[in-house]
Amino acid sequence: MVAPTVTDDDPSLSGGDWTESGVFRVAEGVYRIPLPLPNDGLRAVNVYAVADERGGDPGWTLVDSGWALEESRALLEKAMRALGSDLREVRRFLVTHSHRDHYTQAVTVRREFGAEVLIGAGERVNLERVVDPGHTETDNSVPRLRRAGAPKLAAAFERAGRDHVRDMSGWLLPDGYLEDRSTVVVGESRTLEVIETPGHTRGHVVFADDANDLLFAGDHVLPRITPSIGLEPVPTASPLSAFLTSLQLIRERPDAALLPAHGAVGRRVHERVDELLAHHGARLDASLAAVREGRHTPYLVAQALPWTRRNHALADLDRWNAMLAILETQHHLEVLVERGALTRTEQEGVLHYALP
């Protein structure tokens with residue numbers, strides 16, 4: 001593993017590999033640290049180290065933390081050393097949401113050095129479910145896939161869940177929960193506003209640094225891909241509706257430089273939000289057209305849609321991404337029901353959608 005160095009030359013700004021190891025200065029006192037993810041198409045998660053000096057004492061606030069993995073931990077330690085610091089000087093983690101690639105390393109660092117772990121108040125119910133020893137990661141996906149008309153895929157996940165042993169080392173409750181529109185003071189001059197942006201998860205938050213033209217966007221606004229919707233232990237009734245509302249909320253705020261959890265820096269928030277809203281508008285149109293053609297379950301509608309930027313067929317996706325695709329299709333169909341464009345019935349445990 002190559003030791004990272006601090007540089008202003010962020011490769012992602014010039015179309016380079018955003019997952020390349022390093023410590024990249026993205027604004028005054030703010031550094032991007034990409035940390036690796038295992039067996040994941042995303043390949044890395046951006047952790048942002050924000051200088052948090054108080055009364056002459058050095059320190060850091062980290063936005064998100066990475067996945068609690070040996071390789072990720074070693075790289076984070078080297079990144080902090082490159083900044084002339086170490087993990088003992090991390091005062092706290094501000095976590096955008098409770099997915100393991102954002103949350104679990106914060107817990108393991110806290111265990112050793114006492115850093116404070118804070119997350120949005122809306123994630124409380126998700127984390128309380130996750131830390132329950134009786135919880136399994138297929139508790140929700142299996143019944144939801146059955147309702148979506150994909151029993152074979154549901155059975156595959158059920159079999160996999162029986163064979164999976166959960167690693168609980170990164171799953172403990174945080175030190176506190178951040179309320180919507182509360183503020184966090186970092187150092188002696190930086191103020192971050194906490195803004196609830198449900199959709200990706202029910203309690204996702206972003207951190208707005210309006211004075212410095214920055215938005216720490218987590219997974220809410222990503223520069224090249226669209227985030228999964230409602231992938232969480234305790235799903236809400238219509239996470240896509242919440243996501244679209246959250247996007248509109250961010251669009252109505254001052255524009256800012258986008259600091260995403262996955263992907264390159266360099267884009268502006270409003271431009272990307274407009275693209276995301278247009279994307280979901282097109283997916284809603286395509287989903288409605290598929291129902292008009294006679295496809296009436298989320299599984300059947302998902303088969304009619306292209307997936308990923310490479311326009312793969314549903315059958316070409318691996319099991320995990322096929323689940324995401326089918327459940328996302330269901331979320332689009334639910335929004336169409338909310339808007340009066342479709343009706344929904346349930347027959348023998350399977351959801352069916354039709355024109356009014």
Side-chain angles (χ1 to χ4, degrees), residues 18-19 36-45 67 97 99-102 136-164 199-201 219-233 235 238-240 243-244 260-263 275-276 278-291 293-336 349-353:
W18 71 270
T19 70
L37 300 178
N39 303 318
D40 194 310
L42 292 173
R43 297 174 53 210
V45 58
W67 191 318
H97 62 293
H99 285 167
R100 70 176 73 236
D101 56 324
H102 298 254
T136 69
E137 294 182 354
T138 58
D139 278 352
N140 290 312
S141 57
V142 169
R144 292 169 73 188
L145 284 169
R146 289 195 176 114
R147 292 188 81 215
K152 291 183 179 179
L153 187 59
F157 270 92
E158 190 169 37
R159 289 191 298 271
R162 286 197 295 265
D163 298 334
H164 178 66
H200 181 57
T201 66
D219 284 4
H220 183 57
V221 182
L222 299 175
R224 293 192 63 197
I225 61 174
T226 59
S228 61
I229 302 298
L231 184 64
E232 54 191 334
S238 186
L240 179 59
F243 180 65
L244 296 175
H262 306 284
E275 292 174 358
L276 289 168
H279 165 79
H280 283 287
R283 298 300 277 188
L284 288 166
D285 290 343
S287 299
L288 182 60
V291 175
E293 293 169 359
R295 297 176 181 270
H296 51 87
T297 69
Y299 174 63
L300 293 174
V301 172
Q303 288 180 320
L305 303 177
W307 295 100
T308 78
R309 296 191 304 275
R310 297 176 178 83
N311 292 326
H312 288 304
L314 181 68
D316 296 333
L317 302 181
D318 61 39
R319 182 174 65 198
W320 175 259
N321 284 295
M323 176 195 71
L324 294 179
I326 293 165
L327 296 182
E328 181 176 311
T329 301
Q330 182 180 327
H331 299 325
H332 281 89
L333 294 171
E334 285 298 314
V335 169
L336 290 168
V350 176
L351 298 173
H352 293 264
Y353 298 83

**Q** Please examine the side chains of S238 and V335, heavy atoms only from C-beta on, and report whether any two atoms are closer than 4.5 Å.
**A** yes

**Q** Would you compute the distance between atom CG of L284 and atom NE2 of H279 and round it to the nearest 0.5 angstrom?
**A** 9.5 Å

**Q** When rounded to the nearest 0.5 angstrom, what distance separates CG in L42 from CH2 in W18?
**A** 6.5 Å

**Q** Measure the NE2-NE2 distance between H200 and H97 for me, rounded to the nearest 0.5 Å.
**A** 3.5 Å

**Q** Just verifying a value: how many Å separate E158 CD and L153 CG, rounded to the nearest 0.5 Å?
**A** 11.5 Å

**Q** With salt bridge (Lys or Arg N to Asp or Glu O under 4.0 Å) as the rule and sequence neighbours excluded, what pairs involving residues 219-228 come up?
**A** none

**Q** Measure the spacing between CZ of R295 and CG of L333 and express it to the nearest 0.5 Å.
**A** 12.0 Å

**Q** Which heavy-atom pair separates A325 from W307 by the least distance, and what is that distance?
**A** O-CH2, 3.3 Å

**Q** Could you tell me which non-hydrogen atom of T329 sits nearest to which non-hydrogen atom of L305, and how far apart they are?
**A** OG1-CD1, 4.1 Å

**Q** Between H280 and H332, what is the ring plane arrangement, given parallel below 30°, perpendicular above 60°, and tilted in between?
**A** parallel

**Q** Minimum heavy-atom separation for P235 to G230, with atom names?
**A** CB-O, 4.2 Å

**Q** Taking ring pair (Phe, Tyr, Trp, His ring centres under 6.0 Å) as the definition, give me every residue that meets it alongside Y299, ordered by chain and number, with sequence neighbours left out.
**A** none

**Q** Quick one: which residue pairs count as a salt bridge (Lys or Arg N to Asp or Glu O under 4.0 Å) with a foot in residues 308-335, not counting sequence neighbours?
**A** E334-R344

**Q** Measure the spacing between CG of L314 and CG of N321 and express it to the nearest 0.5 Å.
**A** 10.0 Å

**Q** Can you check whether S287 reaches Y353 side chain to side chain, under 4.5 Å on heavy atoms?
**A** no

**Q** Identify the two heavy atoms, one from P223 and one from H262, that lie closest to each other, and give their separation to 0.1 Å.
**A** CD-O, 3.2 Å

**Q** I326 and A148: which non-hydrogen atoms are nearest, and at how many Å?
**A** CG2-CB, 3.6 Å

**Q** Is there side-chain contact between L317 and L324, with at least one heavy-atom pair below 4.5 Å?
**A** no

**Q** Classify the ring geometry between H352 and H296 as parallel (under 30°), tilted (30 to 60°) or perpendicular (over 60°).
**A** parallel

**Q** For L222 versus A261, what's the shortest heavy-atom pair and its separation?
**A** CD2-N, 4.2 Å

